[in-house]
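Worksheet: one structure, shown below.
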Amino acid sequence: MTSSFVRTLYYGVLLAVPVCMAGVAYFAERLPGVRSDGIVQSAQASDRLEPLDGTAGIRKMWVCPMHPNILQDHPGSCPICGMDLVETGAAHDHRTAGIQVDTALQQRMGMRLADVTTHRMSRAVHTYGNVGIDETSLYSISPKIDGWIRKLHVSAPGQRVTAGQILYEIYSPELVQRQREYIELLQRRDQLLENMTDYSGQNAQMAASLARERIRTRDKFAYADVSDATLAAIESTRRTIDRVPVYAARSGFVTQIGAREGDYVTPMTKLLTVADVATVWIDIVLYPDQLEWVREGDDVTVTFPHSGRPPLTGHLAFALPTVDGATRTARARLTVKNTDRQLRPGAFVDVVIATHPRTALAVPRSAVIRTGRGDRVMLAREGGHFMPVPVETGIESGDLVEITDGLQEGARVAVSGQFLLDAAASLNDSMQRMQNSR
């Protein structure tokens, strides 16, 4: 590092200090006990705000390198991470990052402290969801034999179909040939019954064989989606039906159409996809700050805005393991009954999830100072000493913030006046570093 660069850095710091002091002076005019030319103004000499720079008669202390809030007046190990404590006069000197405020000034500043304790935290997660198709109710309709679609009675996706409704008419040369064979079987059976005078012996065996063949043929027609009504018409008229109608086995609404009139289809063709909406899914959107709260089995209340429907209640089925790459949200699912068919897939609903309470170490939200380099709190020590301590935060519930690392139960933090303390501590630290660089 060249001498010119050091001089430039030194004078730059000298210029920055007056700016910082001017900012402190701005608040000093509005805060009793603080003067504009420093940090403290008091009618009594005992009211002072002192930096912890080693000149205020502070005892030698030992500190944890990973948790600077762990301070004690003798060597030992950290109760949080187990590391050996180091003397504050060593490379980890945390005294320069603190500030001291006497009791009288704390009272005039209206400074309040709060204990770091465990709290039972709960939260009602408010989000939204959209009604979706229960994919377990989807079923596909495919022709069971090769042929041509002569008439399609379903015009577009979304059309509702009922059980027994005709879906399409198919012409299949193979199916026509089966009808001819069936008509011939019926004719042989009729001739045998007309000429039979003795219902025993060989005649009885032939009649039983024809009856078994008729049953097998009817089963083959059933596998080809030929209805009983169509077979009855063939038996009564003894004529083939070229355009065989196929009927819906279940009710629902069409979600997909895979062929149109005139198309040649095979058993591999997915002609129609039908969904039953007696049961629907509600896909619930969860944001990153909500994911840590939600668990399978949580109680869910679903309301329908501007519809007049009463709310629905249920239990959260499961949360999907993936996160949407575009919206950075996850999905959870709720299965609800829809017997009246009033819930339409695609509709939006309001969702409230009552999460299970959890016990965690927490501080008031106002105690946490949010910065671009992380979160920190102003830790209160004995003798009116305060020092900034970096912390890791977790979930938030009401006015509480979970502390996952950086503090231990029983510590005390500032919940008011902490920003002024943090600014004074930062200014003190900058001044100490500037003096050490001389």
Side-chain angles (χ1 to χ4, degrees), residues 128-172 175 219 221-232 243-285 300 302-305 307-318 320 331-349 351:
Y128 71 94
N130 61 293
V131 181
I133 298 171
D134 183 356
E135 295 183 2
T136 61
S137 70
L138 290 173
Y139 68 96
S140 299
I141 298 175
S142 300
K144 306 304 188 296
I145 198 167
D146 297 352
W148 286 264
I149 301 297
R150 292 306 187 194
K151 180 66 175 178
L152 188 63
H153 292 263
V154 177
S155 58
Q159 180 176 338
R160 178 163 180 78
V161 297
T162 57
Q165 174 185 339
I166 184 171
L167 297 177
Y168 64 92
E169 299 175 18
I170 185 172
Y171 166 72
S172 171
L175 195 56
D219 289 341
F221 279 123
Y223 295 147
D225 288 337
V226 178
S227 64
D228 293 338
T230 302
L231 287 177
R243 294 168 52 163
V244 177
V246 177
Y247 299 89
R250 291 187 291 175
S251 300
F253 70 94
V254 178
T255 62
Q256 185 178 2
I257 299 177
R260 292 295 177 177
E261 293 182 4
D263 287 350
Y264 179 78
V265 295
T266 68
M268 298 296 294
T269 305
K270 184 185 292 187
L271 184 58
L272 298 171
T273 302
V274 179
D276 186 4
V277 293
T279 301
V280 295
W281 284 346
I282 295 181
D283 290 327
I284 302 171
V285 178
V300 182
V302 181
T303 57
F304 309 93
S307 66
R309 284 177 53 89
L312 294 178
T313 58
H315 299 282
L316 202 64
F318 63 94
L320 301 183
R331 298 273 177 164
R333 183 163 291 162
L334 178 68
T335 302
V336 298
K337 297 295 184 180
N338 187 32
T339 53
D340 55 0
R341 305 297 197 278
Q342 294 299 313
L343 292 179
R344 299 179 180 274
F348 285 95
V349 295
V351 177

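Numbering starts at 1 and runs along the sequence shown. Both backbone and side-chain heavy atoms feed into the values below; hydrogens, waters and symmetry mates do not.
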Residues in side chain to side chain contact (heavy atoms under 4.5 Å, CB included) contact with [X], at least two apart in sequence or another chain:
X	answer
S172	I145, E174, L175
P311	T301, T303
Q159	V154, S155, Q165

All side chain to side chain donor-acceptor pair (under 3.5 Å) counterparts of [X], not counting sequence neighbours:
X	value
T230	S227
D134	T136, W281
E261	none
T339	none

Sole candidate of I141, L167, I166 that passes side chain to side chain contact (heavy atoms under 4.5 Å, CB included) when paired with V161: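 Among the candidates, only L167 passes.
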When L334 is tested against each of T313, V302, V349, V351 for side chain to side chain contact (heavy atoms under 4.5 Å, CB included), which residue passes?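 Output: one option passes, namely V302.
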Within the 4.5 Å heavy-atom criterion, are [X] and [Y] side-chain neighbours or not?
X	Y	answer
V254	T273	no
L138	V274	no
I170	R150	no

Stepwise side chain to side chain contact (heavy atoms under 4.5 Å, CB included) check, T162 with S251: CA-CA 4 Å; T162 57; S251 300; 4.0 Å; yes
Partners passing salt bridge (Lys or Arg N to Asp or Glu O under 4.0 Å) against D146 (at least two apart in sequence or in another chain):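 Salt bridge (Lys or Arg N to Asp or Glu O under 4.0 Å) list for D146, sorted by chain: empty.
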For R243, all residues meeting salt bridge (Lys or Arg N to Asp or Glu O under 4.0 Å), sequence neighbours excluded: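 Salt bridge (Lys or Arg N to Asp or Glu O under 4.0 Å) list for R243, sorted by chain: E169.
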Using a 3.5 Å distance criterion without hydrogens, assess whether the side chain of T266 forms a donor-acceptor pair with backbone atoms of M268.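 Judged by distance alone, yes, a pair lies under 3.5 Å.
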Y139 side chain to R250 main-chain N or O, any donor-acceptor pair under 3.5 Å?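 Flag set: sc Y139 to bb R250 pair under 3.5 Å.
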F221: partners by ring-ring contact (aromatic ring centres under 6.0 Å, His included), with sequence neighbours left out: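 Checked F221 against ring-ring contact (aromatic ring centres under 6.0 Å, His included); matches are Y182.
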Using the test ring-ring contact (aromatic ring centres under 6.0 Å, His included), find all partners of Y223 that sit at least two apart in sequence or belong to another chain.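 Scan of Y223 (ring-ring contact (aromatic ring centres under 6.0 Å, His included), adjacent residues dropped) gives none.
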Classify the side-chain pair N338/R344 by whether it contains a donor and acceptor separated by less than 3.5 Å.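 Side chains of N338 and R344: no pair found under 3.5 Å.
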Pair listing, salt bridge (charged side-chain N to carboxylate O under 4.0 Å, His left out) test, anchored in residues 263-282, at least two apart: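 Qualifying pairs: D276-R341.
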Does this structure show an ion pair linking R331 with D283, if we count only N-O contacts that are shorter than 4.0 Å?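 Salt bridge: no.
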